[in-house]
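Since the structure comes first, as structure tokens, the remarks are kept for the end.
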There are 2 protein chains.
Amino acid sequence: MGIIGFGGMASYHAKQLQDYKKVKVVGIYDVDPERMAYGKECGYKLYESKEALLADKKLDIVLIATTNEVHKELVIEAMEAGKHVICEKPVTMNSDELKEIMAIEEATGQIFTINQNRRTNKDFVLMKNKVEEGLLGDVYVIESRVEGSRGMPKGWRTIKELGGGMMLDWGVHLIDQLMHMVKEKVTNVYCKMYSIEYSEVDDNFRLTMTMESGKTIHIEVSTNNYITHPRWYVLGTEGTLQIDDWNCDGQITRCVDKDAVWEDEIVYTKAGPTKTMAPRRKESTETLTLSEPMDVTDSLTVVYDQLVDAIKGKASLTITSEQAMRVMKVMEAAFESYDSGQAIAVSI
Amino acid sequence: MGIIGFGGMASYHAKQLQDYKKVKVVGIYDVDPERMAYGKECGYKLYESKEALLADKKLDIVLIATTNEVHKELVIEAMEAGKHVICEKPVTMNSDELKEIMAIEEATGQIFTINQNRRTNKDFVLMKNKVEEGLLGDVYVIESRVEGSRGMPKGWRTIKELGGGMMLDWGVHLIDQLMHMVKEKVTNVYCKMYSIEYSEVDDNFRLTMTMESGKTIHIEVSTNNYITHPRWYVLGTEGTLQIDDWNCDGQITRCVDKDAVWEDEIVYTKAGPTKTMAPRRKESTETLTLSEPMDVTDSLTVVYDQLVDAIKGKASLTITSEQAMRVMKVMEAAFESYDSGQAIAVSI
């Protein structure tokens with residue numbers, strides 16, 4: 001494999017692949033001489049141009065890990081040069097660009113995948129498994145939040161034309177996770193965005209997706225939250241799930257006695273009387289403690305395993321451009337919603 | 001004062017007024033013989049009809065605490081009978097009904113107020129004071145949540161034509177609190193509602209209001225949440241506030257060093273690498289513990305003090321029909337949003 005764009009993410013790929021048998025990183029190309037120097041330090045062959053890299057017959061695969069605005073042209077050039085391609089997310093700046101890629105993908109027959117690697121994150125898999133075990137009854141709301149307080153890193157993330165902002169950076173993962181889990185069409189998208197520190201991109205967003213069955217998926221990404229919400233919060237007819245953070249600490253509290261006697265009395269709280277919000281009797285619920293699932297492999301190598309299997313014709317791709325297209329269309333509807341103040345009716 | 005409709009809330013009023021000097025409850029009328037019997041037990045005069053109650057020259061004030069669908073006609077009858085009126089919330093079923101009341105209010109010159117009493121709730125006042133002290137910088141999101149897990153009490157709350165559902169029951173308070181605090185027009189309303197247990201009314205809702213300055217107010221009321229979010233969660237440019245519950249336990253975490261060195265490194269979490277979500281250094285923030293404010297009086301008698309002062313001409317009303325009209329219009333936009341799947345542009 002050769003790498004075009006040897007920034008932070010590419011060197012993370014390279015490190016993860018150091019002891020990996022199926023793919024060997026041969027060389028790199030980056031427009032930045034400092035990154036080239038770092039590549040040399042790591043022992044990689046340096047190509048003097050992207051053309052030189054793409055012309056190297058020894059390379060089967062190319063990783064595109066540049067800034068987002070040049071993904072499209074590089075992915076297309078690489079496929080046309082006869083390479084299989086893995087591209088960092090977001091795959092492109094918009095769905096039109098992705099459409100162009102998909103035409104070339106079909107024309108060349110090359111294998112093309114995207115590093116949409118958070119489907120194996122343990123916190124996500126834990127949530128997904130518990131929901132699919134039916135522990136919560138019918139699920140009607142899934143809340144997914146990733147919150148930091150250090151603002152956005154300076155650099156390309158703050159610049160609109162380089163594909164900056166939190167929707168394209170984190171939104172793309174969090175939307176992908178839940179579209180992978182909830183196998184329904186998205187029918188409505190509403191999104192609020194905020195530019196707290198950087199005026200041209202969203203450094204915070206709140207996205208509400210309505211699914212065909214009526215389920216609500218709510219996703220928030222923030223860079224200015226000094227106190228955080230739980231990573232996952234899921235409401236079902238029979239119970240509630242909460243996973244606090246990436247360490248997977250959390251709980252499920254379930255109803256075990258739907259018919260528990262309702263004492264027809266007003267309860268007096270410090271904020272006055274309430275019938276409706278009176279606490280449930282403890283014995284009518286049960287609480288299950290959640291913790292890190294030990295049988296889940298969450299590694300970049302999982303994405304490469306799938307890529308290699310597809311190249312060898314052993315299995316079809318798990319992360320496809322069709323899936324990336326759906327995520328891209330949801331993000332476009334989100335931007336349209338924010339720009340117009342409207343909820344956008346869709347069928348994605 | 002006479003009381004028409006002697007259910008749970010009315011008997012709560014009566015109890016709160018037992019040792020109150022400025023207003024004396026004389027008698028009651030209720031269509032339900034059981035409630036009449038209970039009124040007798042409490043030592044109140046029983047009127048044989050609402051007409052008999054309204055004809056009693058000794059009564060200055062009438063409390064209307066019936067189900068919501070008859071508020072309008074009773075408030076109007078009472079004002080036309082020369083009574084000052086205090087009405088339970090929601091004041092009416094819709095804004096047209098309230099408009100009719102306001103016409104009679106103006107024509108008769110009677111004093112009319114609504115028991116929109118949660119503006120003195122300690123958790124709300126604590127949040128409001130901290131925001132107004134400027135501890136969070138510019139506030140851009142206020143989240144207000146009231147969550148229970150016992151479903152809705154059976155009875156009128158589950159019936160649409162009696163004004164049931166959580167929006168009219170709790171929404172009316174939570175919207176009023178924040179419109180009282182954020183003195184701006186509402187420009188956009190988006191709302192999702194759920195009917196988990198009772199099909200004809202909302203037993204859960206999520207309302208997003210956008211204010212003229214761009215501030216977001218997010219309000220949720222739920223009756224099927226076995227794990228709860230904090231009561232208040234507020235985001236400002238300089239910090240975050242959280243108040244856990246009605247007991248007012250909570251905290252503010254603020255940034256004290258905006259320029260704290262950003263280590264330009266990827267942090268490796270259990271869910272993979274991230275630059276953006278790396279935790280902030282402890283010493284760049286400070287945490288203030290919040291607790292119950294001791295200088296706040298939260299009692300129904302505050303509402304009666306204001307009513308009596310207005311009747312005596314000492315002060316103008318604090319809770320007016322104009323304010324209730326704004327809240328009603330937000331709720332109508334919320335229902336419209338839910339019915340249409342659209343965000344509703346408004347100027348309220």
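Heavy-atom basis, side chains included; hydrogens, waters and symmetry copies ignored. Labels below follow one simple rule: chain letters A, B, ... track the order of the sequence lines, proteins then strands, and each chain is numbered from 1.
- Proximity to chain B (any heavy atom under 4.5 Å) is shown, for A:T237, by both the backbone and the side chain.
- In terms of heavy-atom pairs under 4.5 angstrom with chain A, the leader among B:N225, B:T120, B:V146, B:T223 is B:N225.
- When the candidates B:S340, B:G239, B:G214, B:G155 are compared by the number of heavy-atom contacts under 4.5 Å with chain A, B:G239 comes out ahead.
- Comparing B:P279, B:G148, B:G8, B:S284 by how many heavy-atom pairs each has under 4.5 Å with chain A, the most go to B:P279.
- Scanning all heavy atoms of the two residues, the minimum distance from A:P153 to B:T276 falls at CD-OG1, 3.5 Å.
- Nearest heavy atoms, B:R145 versus B:P230: CB-O, 3.8 Å.
- No other option in A:H229, A:R254, A:E292, A:Q342 has as many heavy-atom pairs under 4.5 Å with chain B as A:H229.
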Please table the atom pairs, donor to acceptor, closer than 3.5 Å between any side-chain atom in residues 188-195 of chain A and protein atoms at least two apart or in another chain.
| unit_1 | atom_1 | unit_2 | atom_2 | d |
| --- | --- | --- | --- | --- |
| A:N188 | ND2 | B:G341 | O | 2.9 |
| A:K192 | NZ | B:T210 | OG1 | 2.4 |
| A:K192 | NZ | B:T216 | OG1 | 3.2 |
| A:Y194 | OH | B:T216 | OG1 | 2.5 |
| A:S195 | OG | A:V201 | O | 2.8 |

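- Of the atoms belonging to B:L241, it is backbone heavy atoms, and not side-chain ones, that fall under 4.5 Å from chain A.
- In plain terms, the two heavy atoms of A:A333 and A:V346 that are nearest each other are CB-CG1, 4.0 Å.
- Residue contact with chain B, scored on non-hydrogen atoms closer than 4.5 Å, involves the side chain of A:D298 exclusively.
- Here A:R118 is the residue among A:E197, A:K122, A:R118 with the most heavy-atom pairs under 4.5 Å with chain B.
- Neither the backbone nor the side chain of A:D138 comes within contact range of chain B; no heavy atoms are under 4.5 Å apart.
- Both the backbone and the side chain of A:E147 come within contact range of chain B, with heavy atoms under 4.5 Å apart.
- Interface remark: of the candidates A:I196, A:I227, A:D245, A:T285, A:I227 forms the most heavy-atom pairs closer than 4.5 Å to chain B.
- Only the side chain of B:E143 comes within contact range of chain A, with heavy atoms under 4.5 Å apart.
- Under the side chain to side chain contact (heavy atoms under 4.5 Å, CB included) test applied with A:Q116, the options A:Q177, A:E88, A:H173 reduce to a single match, A:H173.
- Using a 4.5 Å heavy-atom threshold, the side chains of A:V221 and A:M167 count as separate.
- Most heavy-atom pairs under 4.5 Å with chain A: of the set B:S222, B:A345, B:A343, this distinction falls to B:A343.
- The contact between A:Y233 and chain B is made entirely by side chain atoms (from C-beta outward), counting heavy-atom distances below 4.5 Å.
- Contact annotation for A:N117: neither backbone nor side-chain heavy atoms come within less than 4.5 Å of a heavy atom of chain B.
- Residue contact with chain B, scored on non-hydrogen atoms closer than 4.5 Å, involves the side chain of A:D123 exclusively.
- The line from CD1 of B:I142 to NZ of B:K215 is 7.0 Å long, rounded to the nearest 0.5 Å.
- Around CD of B:E34, the count of heavy atoms belonging to other residues, nucleotides or ligands within 6.0 Å does not exceed 12.
- Contacts between B:C248 and chain A at a heavy-atom distance below 4.5 Å are absent for every atom of the residue.
- One finds the CG atom of B:D176 at 11.0 Å from the NZ atom of B:K89 (value rounded to the nearest 0.5 Å).
- How far CG of A:L288 is from OG1 of A:T253: 7.5 Å, rounded to the nearest 0.5 Å.
- Residue with the most contacts toward chain A among B:F124, B:W246, B:W170: B:W246 (heavy-atom pairs, distance under 4.5 Å).
- Screening B:D169, B:D202, B:D203 for a salt bridge (Lys or Arg N to Asp or Glu O under 4.0 Å) involving B:R157 leaves a single residue, B:D169.
- Atom CZ of A:R231 is separated from atom CE of A:M127 by 8.0 Å, given to the nearest 0.5 angstrom.
- Per-residue counts of heavy-atom pairs under 4.5 Å with chain A were compared for B:R206, B:H218, B:M9; the largest is that of B:R206.
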